[in-house]
Amino acid sequence: MKSYVTHLECSASSESYPANKIHGLSNIGKPLLVRYDLEQIKYDLSKDNWCLNSEPGFWRYQALLPVSNKSSRISLGEVITPLIPLQKSATQIGGKAENIIVKDEGRLPTGSFKARGLALAVSMAHQFGLKHLAIPTNGNAGAALAAYAKQAQMKATVFCPDNTPEINVSEIQLQGADTYLVNGLINDCGKIVLEGTKKVGWFDVSTLKEPYRIEGKKTMGLELVEQMNWELPGAIIYPTGGGTGLIGMWKAFQELKALGWLTGNLPKMIAVQSTGCAPIVRAFDEGLDHAPFWEDAHTVASGIRVPAAIGDFLILEAIRESNGSALAVEDDHIIKIRDLIAKEDGLLLCPEGAATAAGYQLAIEQKIISSDEKVVLFNCATGLKYPMPKVIKKINKDDPINFEQFT
Ligand SMILES: *Cc1c(COP(=O)(O)O)cnc(C)c1O
């Protein structure tokens, strides 16, 4: 299987690193980015045949992915996730039916888009012969790591904040990872993982601390291009925690542009966070290049409860280069919109996905986007993993039933 990887590059200093070695962060502690021989890809492939139709899900983008040994490709049945236009709910959040399109990532293995990143990270770890991986997680990354690591017959150790949704920690444990609850936030879990790299020798697959999760998340951008037939939307609204997805999609668009296949304007990249944890939004508003730590982070959208992101400067760069924005939404707003979209359109979003719809409403109000342009919202995980309103209406089968109530 051909790999076009030439080298890795420090995202801050552009220093080059050999691709055939195991890497974490760069020498100056910044994320490493994978670079490809785009000239050769351009020579070998074209805009019409760059996808391998025979391969499942995102593996079809092999030319722009790093795995070179097919037996190291760890797969659990990845799919191309559908684009679902909002209908009735679209007008109620200030848009037009058909123009607000949800990319439903909940259909991926382990029920979230973390599968994309961890599939690549675990595959590369397998290719390099690593045996034991560890991760700090708010839930979905841990579940994806657990599943892919087991599929690859590797050990996984997972640390979650002790208020991570119960279903997440249970699924992680059930899929074979050694799972611990920590009385702190994800960054506290991250410190334990870091210390263990020295003391236990496990490999740290934290967001952006190894180079390949971002390559997996990049496939969201590649997939959008293919699905939308090279006509990208006016904006992409993304619930931003560590920001891998936003950075990854932006990287995908740059690569396709450099190949000369993608032309025209790129989408505005709009990051959405919760008002209870909005370090990127604050840094964007204050014109900063880095985002200081957010104290007392809290939100129902646990996937974006990330008080400090190592890729903060890359997120801010992508937002600004794309003429995008960063918006904070209230938790009540998130839940109200989740309920609205489920009730009106039959589409159950996770709170993080619903946050993008709440962000859409703000972006319309603030005239950052227009209801005439197509906008893609990311529903990053299945809504089924989160608490939902209880059913309270009851029927007693032994009493006479008033059928009028059903009309
Ligand atoms: C991880 C996660 C996010 C944040 O994704 P990043 O790319 O790390 O910013 C958002 N929503 C859900 C459900 C997640 O699991």
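Keep in mind that this is a model prediction, so the values were computed, not measured. As the structure lists them, so they are numbered: ligands from 1, and atoms in each ligand from 1.
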field: F159 ring center within less than 6.0 Å of W202 ring center
entry: yes
message: Under a 3.5 Å cutoff, is there a donor and acceptor pairing between the side chains of Q361 and H333?
response: yes
task: Assess the side chains of S112 and E105: does a donor N or O sit below 3.5 Å from an acceptor N or O?
output: no
field: Short N-O contact, E171 and K385, less than 4.0 angstrom
entry: yes
Shell of residues surrounding ligand 1, defined by a 4.0 angstrom heavy-atom cut-off that is strict: F113, K114, N140, K217, Y238, P239, T240, G241, G242, G243, T244, G245, G303, I304, E352, C380, A381, Y386
task: Assess K217 against Y212: is NZ or CZ under 6.0 Å from the centre of the six-membered ring, and within 45 degrees of the ring's axis?
output: no
task: Give a yes-or-no answer on whether the side chains of Q227 and K103 include a donor-acceptor pair shorter than 3.5 Å.
output: yes
